[in-house]
Number of protein chains: 2
Amino acid sequence: MSSPPPLPEDFRLEDHVGFLLRKAHQRHASLFVDVSAEHALTPTQFAALQKVVELGKVTQNHLGRQVAMDPATIQGVIRRLTLRGLIVRTHDPMDRRTAVLAPTEEAYALIATAVACAQRAHAKALSPLSPEEQTAFLALLRKMG
Amino acid sequence: MSSPPPLPEDFRLEDHVGFLLRKAHQRHASLFVDVSAEHALTPTQFAALQKVVELGKVTQNHLGRQVAMDPATIQGVIRRLTLRGLIVRTHDPMDRRTAVLAPTEEAYALIATAVACAQRAHAKALSPLSPEEQTAFLALLRKMG
DNA sequence: GGCAGTCCATTCGTATACGCACGATCCAAC
DNA sequence: GTTGGATCGTGCGTATACGAATGGACTGCC
């Protein structure tokens, strides 16, 4: 016979930030992939590629910090983008530790489409909220750090 | 010579829900692990285990729907919790397809501590926001689906 | 010049997360 | 009673994500 469950009363998983953030993040990722059939980038790959295009020439580590990916993670993302011919890796003769990344012509060709898709995913993800709520939500999210 | 970057002007990755949600989610996960040394559950494992304790007896698939994990994902989570002796898997003689899950005594012993840790992580994650902002943020997050 | 501390990228191991396909089972309709 | 569709769990492949350890390279400081 089990002891009667000494349940932490009133605990509701559904009210916890962690649970809600996980669900919201999954939902956005799913929407992003749905609208991205054309370029077939994941949200993570898009973030990295967009930043490389914006910066033109970055160190792998520095890129990771810009897009919030640790060195172990960015390594795989860059490898896949390089395999697809969207990024070239060179080396800084001044600092032989670093991998210097730059976008290819294919990246420039792809990024406009990808940005449009990202904006559609953005809008879809926020669509349950009114315009004012969307603004407030984004402001709070930014403040979450 | 590269063509002058036909950059989608004014695009700011940092203003996109996907990017902000990914960062916020990572931050919470990191805080959760920090305060969870004692029970060593990941946020995902905690969610699953808490739900099993709450429901007492669930089908694996049904649990997955409750905690927003697809069948392939919940399978691994349950396997690890079972290996740790926190969950037992039995079978419903009425439906031989299903795996019926139930919490063990160890789960009951662990869950109170784990809930307290989860609440600390919750509070820490929300700490950049004022109490009013926290309420508003959670409401909006819930509305995001 | 040399050495300690730091920084960069990679690798390994583990944990989510999901699409897909599969075998087993159940159920509804015939 | 059989058969066709749905459901359940699993296995495989791929992509994030991160801690820890490693090897190579730089930088300060003496």
Side-chain angles (χ1 to χ4, degrees), chain A residues 18-19 21-34 36-37 40-49 58-84 87 89-101, chain B residues 18-19 21-34 36-37 39-49 58-84 86-87 89-101:
Chain A
F19 182 72
L21 281 173
R22 186 169 63 86
K23 276 212 309 182
H25 177 236
Q26 281 175 16
R27 179 162 163 281
H28 173 272
S30 171
L31 291 171
F32 189 98
V33 171
D34 284 350
S36 298
L41 292 172
T42 65
T44 307
Q45 289 168 5
F46 168 73
L49 186 60
V58 225
T59 276
Q60 184 166 306
N61 230 312
H62 182 246
L63 175 64
R65 281 191 293 269
Q66 296 293 308
V67 294
M69 302 178 205
D70 83 0
T73 300
I74 197 84
Q75 194 265 344
V77 176
I78 294 305
R79 182 170 44 78
R80 285 180 281 277
L81 290 175
T82 302
L83 285 176
R84 279 187 57 183
I87 282 182
R89 275 172 60 112
T90 57
H91 289 283
D92 182 351
M94 292 293 91
D95 185 345
R96 305 222 309 277
R97 294 170 304 178
T98 62
V100 180
L101 311 175
Chain B
F19 182 73
L21 282 174
R22 186 167 64 86
K23 276 213 307 184
H25 177 237
Q26 282 174 15
R27 179 162 162 281
H28 173 273
S30 172
L31 291 171
F32 189 98
V33 170
D34 284 350
S36 298
H39 52 73
L41 292 173
T42 64
T44 307
Q45 288 168 7
F46 168 73
L49 186 59
V58 227
T59 276
Q60 184 166 306
N61 231 308
H62 182 245
L63 175 64
R65 281 189 293 269
Q66 296 293 308
V67 295
M69 303 177 204
D70 82 1
T73 300
I74 197 82
Q75 195 262 347
V77 176
I78 294 305
R79 182 170 45 77
R80 286 179 281 276
L81 291 174
T82 303
L83 285 176
R84 280 186 57 182
L86 295 169
I87 283 183
R89 275 173 61 112
T90 56
H91 288 284
D92 182 351
M94 292 292 91
D95 186 345
R96 304 221 312 277
R97 292 170 305 177
T98 62
V100 180
L101 311 175

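Throughout, protein chains are lettered first and strands after them, A, B, ... in sequence-line order, and every chain is numbered starting at 1.
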Handout entry: Any side-chain heavy-atom pair of V33(B) and T42(B) under 4.5 Å
Key = no
Exercise for the section: Write down the distance between CZ (R84(B)) and C1' (dT14(C)), rounded to a whole number of angstrom. Expected result: 14 Å
Handout entry: OP1 or OP2 of dA17(C) under 4.0 Å from side-chain N/O of T44(B)
Key = yes
Practice task
Check whether any side-chain nitrogen or oxygen of R22(A) sits under 4.0 Å from OP1 or OP2 of dA17(D), and answer yes or no.
Solution key: no
Exercise for the section: Kindly indicate, with the supporting measurements, whether the criterion side chain to side chain contact (heavy atoms under 4.5 Å, CB included) is fulfilled by L81(A) and L41(A). Expected result: CA-CA 9 Å; L81(A) 290 175; L41(A) 292 172; 3.9 Å; yes
Practice task
Would you mind reporting whether T98(B) and N61(B) have side-chain heavy atoms less than 4.5 Å apart?
Solution key: no
Handout entry: Distance, rounded to the nearest Å, where L101(A) contributes CG and dC8(C) contributes P
Key = 13 Å
Exercise for the section: Quickly work out the I74(B) CD1 to dG11(D) C1' distance and round it to whole Å. Expected result: 17 Å
Exercise for the section: Would you classify V33(B) as touching base, sugar-phosphate or nothing, given that sugar-phosphate means primed atoms plus P, OP1 and OP2, and contacts are heavy atoms under 4.0 Å? Expected result: nothing
Show me the protein contacts with nucleotides 23-27 of chain C, counting only N or O atoms at under 3.5 Å.
residue, atom, partner, partner atom, Å
dT25(C), OP1, R96(B), NH2, 3.1
dC26(C), OP1, R96(B), N, 2.6

Problem - Heavy-atom side-chain proximity of Q60(A) to R89(A) below 4.5 angstrom - result: yes
Problem - Protein-nucleotide distance (H28(A), atom NE2; dA17(C), atom P), rounded to Å - result: 16 Å
Fill in the blank from the handout: Regarding the side chain of Q75(B), the nearest nucleotide among dT10(D), dC8(D), dT11(C) is dT10(D)
Problem - side chain to side chain contact (heavy atoms under 4.5 Å, CB included) between H25(B) and R22(A), worked out - result: CA-CA 6 Å; H25(B) 177 237; R22(A) 186 169 63 86; 3.8 Å; yes
Fill in the blank from the handout: K23(A) atom NZ is separated from dC18(C) atom C1', nearest whole Å, by 17 Å
Exercise for the section: List in numerical order all residues of residues 65-73 of chain A for which some heavy atom is under 4.0 Å away from an atom belonging to DNA chain D. Expected result: D70(A), A72(A), T73(A)
Exercise for the section: Report the nucleotide, chosen from dC8(D), dC8(C), dT16(C), that has the shortest atom-to-atom distance to any side-chain atom of T59(B). Expected result: dC8(D)
Handout entry: Close side-chain approach of R80(A) and Q45(A), heavy atoms under 4.5 Å
Key = yes
Exercise for the section: Round to the nearest Å and state the distance from L49(A) atom CG to dA15(D) atom C1'. Expected result: 16 Å
Handout entry: 5'-most by nearest nucleotide on DNA chain D - Q26(B) or R79(A)
Key = R79(A)
Exercise for the section: Answer whether the closest heavy-atom distance between the side chains of M69(B) and V77(B) falls below 4.5 Å. Expected result: yes
Handout entry: D70(A)/T73(A) under side-chain hydrogen bond (donor to acceptor under 3.5 Å, both in side chains): CA gap, chis, key distance, verdict
Key = CA-CA 5 Å; D70(A) 83 0; T73(A) 300; 3.0 Å; yes
Exercise for the section: Indicate yes or no: at least one non-hydrogen side-chain atom of L63(B) is less than 4.5 angstrom from one of I78(B). Expected result: yes
Handout entry: Phosphate OP1/OP2 of dC18(C): any R27(A) side-chain N/O under 4.0 Å
Key = no
Exercise for the section: Rounded off to whole Å, could you give me the CZ-to-P distance for the F46(A) and dA15(D) pair? Expected result: 18 Å
Fill in the blank from the handout: Looking only at dT10(C), dT16(D), dC8(D), the nucleotide nearest the N61(B) side chain is dC8(D)
Exercise for the section: Could you check Q60(A) against S30(A) and say which one's nearest nucleotide on DNA chain C is further toward the 5' end? Expected result: Q60(A)
Practice task
Check the distance between dC8(C)'s C1' and I78(A)'s CD1 and give it to me in whole angstrom.
Solution key: 14 Å
Practice task
Report the distance from atom CZ of R97(B) to atom CG of D95(B), rounding to the nearest 0.5 Å.
Solution key: 4.0 Å
